[in-house]
Asker: 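What follows is a structure written as structure tokens; I'll ask about it next.
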Amino acid sequence: MTLFTRDALERAAATVHRHMLPTPQLHWPLLSEAVGTTLWVKHENHTPTGAFKIRGGITFMEWLRRAHPQARGVVTATRGNHGQSQARAARAAGLSATIVVPHGNSVEKNAAMRGWGGAVIEFGRDFDEARGEAMRRADAEGLFLVPPFHTEIVRGVATYGLELFTAVPDLDVVYAPIGCGSGICGLIAARDALGLRTEIVGVVSTEAAAAKRSFEAGRLIETPSANTFADGMAVRVPVPDAFAIYSKGAARIVAVDDDAVAVAMRLLYRTTHNAAEGAGAAALAAVMQEREALRGRTVGVVLSGANIDSDAFATVLAGGTPRVP
């Protein structure tokens, strides 16, 4: 069953494009040569917040003001990109935004969320514990809880898939990272709305493989930890509503380790001079891992974000891999 009609996604795109330009999808010859296939990069690192999440923030806040006009503020949990999108959208709507992050979260993502007007609260060891605190604060402070996954968030996020598939409809396969799942679900929604047969492959970290394990088992499986520097994928507990979509709509899910992600980040920078955060380079890491099977195919990767702390990026460019304590 198609999640959204093409008309619904085109209306979402009109809303999103009032706030930002469409992002490019580019074919980089040196990058294609390096991976041995025709490769297209969807540059979600070129949005105003440096990540694809801004799209869902825009459509979610439009829905919130219409469906819950009494809301005076929102609260949500994040590792950074979702929080930036909600803080930006809330400020534009005249609402407060409380953003809960785990201790040790990206210093520069925290600063960016504050820059967009968010009140950043540190709580817990990881995203999932921060999420519990956001739920508590919603009840205690009368704030509207923004979940990590919501139909209106996915409708906005799906606009990047609409742009990509409209520009390059002959893609054989597209790789996308999975955190809470809005990115891959948006891609699936756009593909289905356009009636395409493109394979969609999810990518997770070997250190945060709950989505992969759940996909292969056909049921939700949590992991005890999610210790990867690719913080956009650092999720221990799959989101059930997202799993219901990607468990049916994805062809498969592959796992890449932190060293492979760092290699992909260096390759992206060397061949395109684009910065990618860990999750942003994970799709390319998966293509490099599966390059032999991809020969002769036209492949897309989602560069989902560029928001990596400068110290960590310096480590990557120097040939290292940032380590999580």
Side-chain angles (χ1 to χ4, degrees), residues 23-46 50-52 79-81 106 160 164 171-179 183-184 187 199-209 211-212 226-235 252-295 297-324:
T23 61
Q25 38 282 315
L26 300 176
H27 170 254
W28 299 89
L30 288 179
L31 186 57
S32 289
E33 182 182 321
V35 298
T37 191
T38 301
L39 189 72
W40 287 84
V41 180
K42 181 55 173 171
H43 281 283
E44 291 299 280
N45 57 320
H46 291 183
F52 77 98
R79 291 301 302 260
N81 292 336
S106 162
Y160 87 70
L164 173 62
L171 289 166
D172 294 310
V173 57
V174 180
Y175 289 75
I178 301 177
I184 190 171
L187 201 60
E199 288 182 13
I200 294 176
V201 179
V203 185
V204 299
S205 169
T206 55
E207 306 309 305
K212 183 177 189 295
N227 294 327
T228 171
F229 86 92
D231 54 6
M233 302 189 295
V235 176
R252 63 187 182 281
I253 297 176
V254 300
V256 293
D257 64 27
D258 280 5
D259 288 338
V261 168
V263 169
M265 292 168 69
R266 286 191 287 273
L267 180 60
L268 275 165
Y269 191 77
R270 187 173 70 249
T271 58
T272 76
H273 289 112
N274 274 266
E277 60 187 274
L284 178 61
V287 169
M288 295 166 73
Q289 188 168 284
E290 300 195 332
R291 59 181 297 163
E292 294 303 320
L294 294 173
R295 293 194 182 279
R297 307 187 80 191
T298 301
V299 181
V301 294
V302 180
L303 201 174
S304 60
N307 298 321
I308 183 169
D309 284 1
S310 53
D311 287 350
F313 196 45
T315 296
V316 170
L317 293 183
T321 301
R323 300 302 176 189
V324 178

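The figures here come from the full heavy-atom set of this structure, side chains too, leaving out hydrogens, waters and symmetry mates. Nothing fancy with the numbering, it's 1 onward along the sequence.
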Asker: If you look at every heavy atom in L284 and L267, which pair is closest and at what distance?
Answerer: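 Here L284 and L267 meet closest at CD2-CD2, 4.1 Å.
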Asker: Is there a side-chain contact (heavy atoms from CB on, under 4.5 Å) between V261 and S205 once you walk through the steps?
Answerer: CA-CA 9 Å; V261 168; S205 169; over 6 Å; no
Asker: Atom CE in M288, atom CG in L294: separation rounded to 0.5 Å?
Answerer: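 Answer rounded to 0.5 Å: 12.5 Å.
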Asker: With side-chain contact (heavy atoms from CB on, under 4.5 Å) as the test, would you mind laying out the steps for L171 and L164 before giving the verdict?
Answerer: CA-CA 9 Å; L171 289 166; L164 173 62; 3.9 Å; yes
Asker: Check each of T37, V174, T38 against T298 using the side-chain contact (heavy atoms from CB on, under 4.5 Å) test, and report the only one that passes.
Answerer: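 For T298, the side-chain contact (heavy atoms from CB on, under 4.5 Å) check succeeds only for T38.
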Asker: Atom CH2 in W40, atom CG in L31: separation rounded to 0.5 Å?
Answerer: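 If we round to the nearest 0.5 Å, W40:CH2 and L31:CG are 12.5 Å apart.
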Asker: Any chance you could measure I200, atom CD1, to I253, atom CD1, to the nearest 0.5 Å?
Answerer: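 So the CD1 of I200 and the CD1 of I253 are separated by 11.5 Å.
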Asker: For the backbone of A260 and the side chain of D257, can you confirm whether one donor and one acceptor N or O come within less than 3.5 Å of each other?
Answerer: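 Yes; at least one donor-acceptor contact below 3.5 Å.
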Asker: Would you say that M265 contacts R270 through its side chain, given a criterion of any heavy-atom pair below 4.5 Å between the two side chains?
Answerer: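 With C-beta onward as the side chain, the pair stays apart.
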Asker: Between H43 and H46, what is the ring plane arrangement, given parallel below 30°, perpendicular above 60°, and tilted in between?
Answerer: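 Taking H46 first and then H43, their aromatic rings lie parallel (interplane angle under 30°).
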Asker: Find the distance between CG (N45) and OG1 (T23) and round it off to the nearest 0.5 Å.
Answerer: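 N45 CG to T23 OG1: 8.5 Å, rounded to 0.5 Å.
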Asker: Could you tell me whether a side-chain N or O of N274 sits under 3.5 Å from a main-chain N or O of T272, the two making a donor and an acceptor?
Answerer: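 At least one qualifying donor-acceptor pair exists.
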Asker: Is a side-chain donor or acceptor of K42 paired with a backbone partner of S304 at a separation under 3.5 angstrom?
Answerer: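 Judged by distance alone, no pair lies under 3.5 Å.
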Asker: How many angstroms lie between atom CE of M233 and atom CD of E207, to the nearest 0.5 angstrom?
Answerer: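 M233 CE to E207 CD: 10.5 Å, rounded to 0.5 Å.
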Asker: Could you go through E277 and N81, starting from their C-alpha distance and side-chain angles, then the distance that decides it, and tell me whether this counts as side-chain hydrogen bond (donor to acceptor under 3.5 Å, both in side chains)?
Answerer: CA-CA 11 Å; E277 60 187 274; N81 292 336; 3.0 Å; yes
Asker: Heavy atoms only: give me the nearest A275-L303 pair and the separation to one decimal.
Answerer: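 That closest heavy-atom pairing would be O-CD2, 4.1 Å.
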Asker: With a 4.5 Å limit on heavy-atom distance, are the side chains of R79 and S106 in contact?
Answerer: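 When only atoms from C-beta onward are counted, S106 and R79 do not touch, as no gap falls below 4.5 Å.
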Asker: Indicate yes or no: does E290 engage R295 in a salt bridge with an N to O separation below 4.0 Å.
Answerer: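 Salt bridge absent between E290 and R295.
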Asker: Show the nearest heavy-atom pair for residues A226 and A208, with the distance to one decimal.
Answerer: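 Result for this residue pair: CB-CB, 3.8 Å.
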Asker: Against D258, only a single residue in T321, T206, T228, N227 fulfils side chain to side chain donor-acceptor pair (under 3.5 Å); can you say which?
Answerer: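 Single side chain to side chain donor-acceptor pair (under 3.5 Å) partner of D258 among T321, T206, T228, N227: T228.
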Asker: Quick one: are W28 and L39 in side-chain contact, heavy atoms under 4.5 Å?
Answerer: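 The answer is no, as the side chains (C-beta and beyond) never meet within the 4.5 Å cut-off.
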Asker: Answer yes or no: is there a donor N or O on one side and an acceptor on the other, between the side chain of Q289 and the main chain of A255, under 3.5 Å?
Answerer: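 Answer holds: yes.
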Asker: Minimum heavy-atom separation for H27 to S32, with atom names?
Answerer: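 That would be NE2-OG, 3.1 Å.
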Asker: For A276, does its backbone N or O pair with a side-chain atom of Y269 as donor and acceptor, under 3.5 Å?
Answerer: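 Not a single qualifying donor-acceptor pair exists.
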Asker: Please give me the minimum heavy-atom distance between F229 and G278, naming the atom from each residue.
Answerer: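 The pair with the smallest heavy-atom distance is CE1-CA, 4.1 Å.
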Asker: Charged N to carboxylate O below 4.0 Å: is that the case for D259 and R323?
Answerer: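 Looking at D259 and R323, the cut-off is met.
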Asker: Restricting to non-hydrogen atoms, name the atom on A262 and the atom on G320 that form the minimum distance, rounded to 0.1 Å.
Answerer: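 Closest pair (atom of A262, atom of G320, distance): CB-O, 3.7 Å.
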Asker: What's the separation between atom OH in Y175 and atom CD1 in I184, rounded to the nearest 0.5 Å?
Answerer: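 It is 11.5 Å, given to the nearest 0.5 Å.
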Asker: Decide yes or no for Y160 and V302: does some side-chain heavy atom of the first lie under 4.5 Å from some side-chain heavy atom of the second?
Answerer: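 Yes - at least one pair of side-chain heavy atoms lies under 4.5 Å apart.
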Asker: So, the side chain of R266 versus the backbone of A318: is there a donor-acceptor pair under 3.5 Å, distance only?
Answerer: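 Pair absent, no side-chain N/O of R266 close to backbone of A318.
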